[in-house]
Number of protein chains: 2
Amino acid sequence: MKLATEDFDRISKALADPQRRAILQKLAMTGKLNCSDVGAFFDVSQPTVSHHLKELATAHVVEKEKQGQFCFYHVNNEVLSAYVSELQRRLGLNAVLATPHVR
Amino acid sequence: MKLATEDFDRISKALADPQRRAILQKLAMTGKLNCSDVGAFFDVSQPTVSHHLKELATAHVVEKEKQGQFCFYHVNNEVLSAYVSELQRRLGLNAVLATPHVR
DNA sequence: TAAACATATTGATGAACATCTATATTATCG
DNA sequence: CGATAATATAGATGTTCATCAATATGTTTA
């Protein structure tokens, strides 16, 4: 999967904040959570959680699923993998594994 | 190689800025550059380049080598690899490849 | 030693941002 | 319908930060 430059930039920024990384990690571990559940894990206000989730969603590293009054979020592994790959590519960390063959 | 939490945080922040990523990428491509050479590639002032290189060095993603009046910088691949691994671990991107065996 | 050069530091400025309180919006339930 | 609950938005505030001009520090060379 190919990431637009704009998305790559946005993801880098999204991952820069420790609180946002913690939220993302929690989502990665639990699979799927709603806003309130996420908030319960951390000592920040509800609007702050909402804001962070929005940032993560805008960067497409999480996906939002509205179910009635609730709003579930889950990690987008495809985007995260693409981000890590692109990061490795840019940093020259994948020279040896350039085109891995599966036989 | 194990990254201290503090280092992981600092690297995430260091990678958040596009200008710093561009500098790092340039260093990854060319291997080794001094301050002036780095500056020549971008349209920013000398103090700004110096500042960014310092941030990258503080995060240990580049290493500094003073040679007389010049100052050479090169990428620290070990730290960058460790960062990417830790990132993958936290984001749950390595479930399948947990302990890759080389036979 | 004086001038020229490479890099670092200082201090200032404007923008971005994390966070909060207050409030709005939308959905459920009695 | 009215109350309660979940999430979002608006606006404010303090902090962090990217950047620059000016200057300092350290190094080479004429």
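Below, chains carry the letters A, B, ... as their sequence lines are ordered, and counting in each starts from 1.
With no hydrogens or angles considered, a side-chain donor-acceptor pair links B:Asn76 and B:Glu63 at under 3.5 Å.
The side chain of A:Arg20 lies closest to C:dA18 when the candidates are C:dA18, C:dT7, D:dA8. Listed candidates were D:dA18, D:dT9, C:dT7. Nearest to the side chain of A:Lys54 is D:dT9. Distance from the side chain of A:His51 is smallest to C:dA18 among C:dA18, D:dT9, D:dT19. Candidate nucleotides C:dA8, C:dA27, D:dC20 were compared by shortest atom distance to the side chain of A:Gln69, and C:dA27 ranks first. Side-chain atoms of B:Pro47 lie closest to D:dA21 of the nucleotides D:dA18, D:dA21, D:dT9.
A:Asn34 has its CG atom 15 Å from the C1' atom of C:dT28, to the nearest Å. Regarding A:Asp17, its CG atom lies at a distance of 11 Å from the P atom of D:dC17, rounded to whole Å. Look at CG on B:Asp37: it is 14 Å from C1' on C:dC5, rounded to the nearest Å. Protein atom CD of B:Glu55 is 12 Å distant from nucleotide atom P of C:dT9, rounded to whole Å. The nearest whole Å value for the distance from the NZ atom in A:Lys13 to the P atom in D:dC17 is 13 Å. Here C:dC17 presents its P atom at 12 Å from CG of A:Asp9, a figure rounded to the nearest Å. Atom CD of A:Gln19 is separated from atom C1' of D:dT16 by 17 Å (rounded to the nearest Å). What separates NZ of B:Lys64 from C1' of C:dT7 is a distance of 8 Å, to the nearest Å.
Sequence order on DNA chain C of the closest nucleotides to A:Gln46 and A:Lys66 puts A:Gln46 first from the 5' end. Between A:Thr48 and A:Phe70, it is A:Thr48 whose nearest contact on DNA chain C lies nearer the 5' terminus.
For A:Ser45, a side-chain nitrogen or oxygen approaches OP1 or OP2 of C:dC20 to under 4.0 Å. Dashed line: the shortest gap from a side-chain N or O of A:Ser50 to OP1 or OP2 of D:dT7 is not under 4.0 Å.
Between B:Leu87 and B:Phe8 the shortest heavy-atom distance is N-CE1, 3.8 Å. Between B:His60 and B:Asp7, the shortest heavy-atom distance links the atoms ND1-OD1, 3.6 Å.
In this structure, B:Val49 reaches neither bases nor backbone, as no heavy-atom distance under 4.0 Å exists between it and the strands shown. Across all strands shown, B:Tyr73 has heavy atoms under 4.0 Å from sugar-phosphate atoms exclusively, and none from any base.
Side chain of B:Arg21 to main chain of B:Leu15: a donor-acceptor pair is present (N/O by atom type, distance under 3.5 Å, no hydrogens or angles).
For the atom pair OH of B:Tyr73 and CG of B:Leu53, the computed distance is 5.0 Å after rounding to the nearest 0.5 Å.
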